Each structure stands twice: as structure tokens, then as C-alpha cells.
Student: 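Here it is: the structure, laid out below.
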Amino acid sequence: SIWSYNGSSYVTYTAPPTPATTAWYLRGTTIDAGGNKTASIERKGNVTITDAFFTSEKTTAISATGVSRFYVNTPEYQGGNVSPAAMRVRMETKVAKGKTNEGTSVGMTVVSYYSGASKNTGDGEGILNGLKGLDVYYGSNYTDSKGTVNVAIGIQTNGYISSPDVKIKKMYDVYCATGPNLWNSDTKNYGVIVLGNNKKSYFAGKTGFASGIQLSMNSAEESLSSDKYTLRVNSGKLQFHDGTSWKTIKFE
């Protein structure tokens with residue numbers, strides 16, 4: 001045996017059994033993961049990470065069509081009023097009285113960059129077809145599915161203030177910043193693109209367009225740099241650009 005000191009006295013260290021007993025099973029089995037350091041693992045209970053980071057890395061070159069770092073199978077529910085969630089992120093922020101936090105409290109940050117040098121790609125000077133910060137798929141996935149979904153929403157924001165003693169000066173449900181510093185002048189920078197001729201957009205409140213509204217565009221990828229087919233307000237007058245010049249719209 002090996003003698004070790006626990007802070008107050010010397011105790012005997014006993015080696016774990018072989019294979020080691022762990023809190024994890026090999027995925028899809030009831031076999032203890034033991035000393036297996038490469039196979040997929042799972043456990044039935046909850047996992048809580050406190051005051052630490054959960055990281056996922058894979059530096060080897062891959063050619064698979066999809067790799068999941070976080071995957072959850074949601075259970076089947078038999079009626080009731082249940083709101084299942086594959087992932088919930090909750091962060092509560094407090095600032096001491098008399099203090100000011102000049103930073104920004106963020107519930108979740110998604111970072112998706114085209115990176116530089118790596119262990120496998122050298123300087124990383126290849127071509128990437130697309131890059132997305134967040135990709136959301138929703139609706140019904142299986143061709144043999146049956147049933148009814150009353151409302152399906154891709155992304156929903158719910159802003160609220162529960163206490164009269166909390167003052168929030170401005171609230172934005174969706175906020176698109178000015179964008180990156182464009183080193184390449186050929187980069188087209190769009191705020192919002194909605195594709196699909198049958199889709200409808202609805203704004204219950206007032207909507208402001210500082211530079212006008214461009215109409216009759218054939219595609220979202222068509223250049224919006226020209227004034228062609230733009231409707232604007234100029235010096236209190238409503239104007240429309242017919243492709244050649246601005247025309248003032250007169251109301252009878």
C-alpha cells in the first residue's frame with residue numbers, strides 16, 4: 001500500500017479496482033466505462049458543472065458530413081402542460097449598490113470564425129463554402145411522422161420586466177450591429193434576408209427605414225447599392241426612383 005497524508009493524519013491509499021469504477025457507462029450499454037478514454041460515454045442522471053468550463057475540441061482532420069458536439073434525445077410526453085427543452089441556459093446577473101459594471105451581461109455567446117493556422121490545415125488558406133453563426137432547423141423531420149403542431153416558431157424572443165424597481169432604458173428584441181470592418185470591398189453585407197415568395201412579414205408597431213425601401217427586387221442577392229425602385233421620404237416629400245431619376249409622388 002501507499003501511505004498518504006490527508007491533512008491531519010496518514011492514511012492508507014487503496015488503488016481502485018481494475019477496470020476502474022466510474023460514474024459513466026459506455027454509450028448505449030450498461031457497461032462501466034472504466035479506463036476507456038476514447039469511446040462515447042453516457043449517464044442517466046444529471047450533470048452539473050459549477051465554476052468551471054465545459055470544452056470540446058477535435059483537432060484531427062475529418063471528412064464526415066456532420067459532427068455533433070452536443071446531442072440530446074427528448075423523451076415522449078403523454079399530454080399535460082409540459083415544455084421540454086433540449087438545452088436551457090440561465091444566468092442571473094447582479095451589480096452591487098453604488099457600483100457600475102461597464103461590461104455586458106450575456107446569457108449565451110456563439111462564436112463561429114474562419115480560423116488561421118491549425119495542427120492539420122497549416123495556414124488554413126483553403127476555401128470554405130459557407131459559415132454560419134447559428135443554424136436553426138425546426139418543424140417536422142421524419143417523413144413518416146403523424147400528428148399536429150399548432151404553431152411552429154424558428155426563433156422567439158421574450159423580453160420582460162418582473163419588478164417595478166428594475167429600470168431598463170431600452171429593449172431590442174432583435175439587434176443587428178453595424179457589421180465587421182470590411183477589409184475586402186467586394187464583401188456584401190446584409191442585415192436581414194427573407195427568402196420565399198409565399199412568406200409574409202408583419203409589423204404591428206411602427207417601422208423606420210432611414211434610407212428608404214427598395215421594391216421589386218428579383219433576388220436578395222441583387223445589389224442594393226443603387227437607388228433603383230427605392231421609395232423614400234425627402235424633405236417631407238414621398239419620392240420614388242424609377243431607375244433613372246427620383247420622382248415625387250403627388251396625392252390627389
Side-chain angles (χ1 to χ4, degrees), residues 27 37-42 47 49-74 85-91 93 101-141 152-159 170-197 199 201 209-214 217-228 230:
R27 181 180 176 184
K37 305 300 182 183
T38 57
S40 299
I41 58 176
E42 68 177 19
V47 177
I49 301 175
T50 305
D51 297 330
F53 291 99
F54 171 79
T55 60
S56 173
E57 293 185 6
K58 188 174 181 66
T59 57
T60 57
I62 59 175
S63 59
T65 57
V67 177
S68 295
R69 291 285 178 264
F70 190 89
Y71 186 84
V72 177
N73 278 326
T74 55
M87 176 186 290
R88 292 184 187 273
V89 177
R90 179 182 179 126
M91 183 185 70
T93 303
N101 181 2
E102 299 293 344
T104 301
S105 178
V106 181
M108 176 181 287
T109 298
V110 177
V111 179
S112 178
Y113 290 146
Y114 183 81
S115 187
S118 71
K119 296 179 181 178
N120 298 284
T121 60
D123 292 334
E125 296 179 354
I127 297 175
L128 177 65
N129 182 61
L131 179 64
K132 300 178 182 180
L134 183 64
D135 204 6
V136 177
Y137 292 84
Y138 75 105
S140 178
N141 183 39
I153 300 175
I155 298 177
Q156 178 172 325
T157 62
N158 301 284
K170 291 183 180 180
M171 295 183 71
Y172 301 94
D173 288 338
V174 178
Y175 185 91
C176 297
T178 55
N181 293 323
L182 302 179
W183 297 95
N184 187 341
S185 59
D186 293 333
T187 300
K188 296 178 181 179
N189 192 12
Y190 297 93
V192 177
I193 292 179
V194 179
L195 299 179
N197 295 333
K199 290 186 178 180
S201 298
F209 296 92
S211 300
I213 303 174
Q214 201 156 14
M217 302 303 292
N218 296 326
S219 170
E221 292 298 328
E222 186 172 342
S223 175
L224 299 178
S225 59
S226 68
D227 293 326
K228 185 179 180 180
T230 298

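In this text the structure is predicted, and so the values were computed from the model without any measurement.
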Student: Working to the nearest 0.5 angstrom, can you tell me the gap between Thr93 OG1 and Asn101 CG?
Tutor: 8.0 Å
Student: For Gly191 versus Cys176, what's the shortest heavy-atom pair and its separation?
Tutor: O-SG, 4.1 Å
Student: Compare every heavy atom of Asp227 with every heavy atom of Gln214, then report the nearest pair and how far apart it is.
Tutor: NE2-C, 4.2 Å
Student: Give me the atom names and distance for the closest heavy-atom approach of Lys199 to Leu195.
Tutor: CD-O, 3.1 Å
Student: Please report the closest heavy-atom contact between Met91 and Ser105, naming both atoms and the distance.
Tutor: CE-OG, 2.9 Å
Student: Calculate, to the nearest 0.5 Å, the distance between atoms OH and CG belonging to Tyr114 and Leu128 respectively.
Tutor: 6.5 Å
Student: For Leu131 and Ser112, which heavy atoms make the closest approach, and how far apart are they?
Tutor: CD1-OG, 3.2 Å
Student: What are the two closest heavy atoms between Gly133 and Val110, and how far apart are they?
Tutor: O-CG1, 2.8 Å
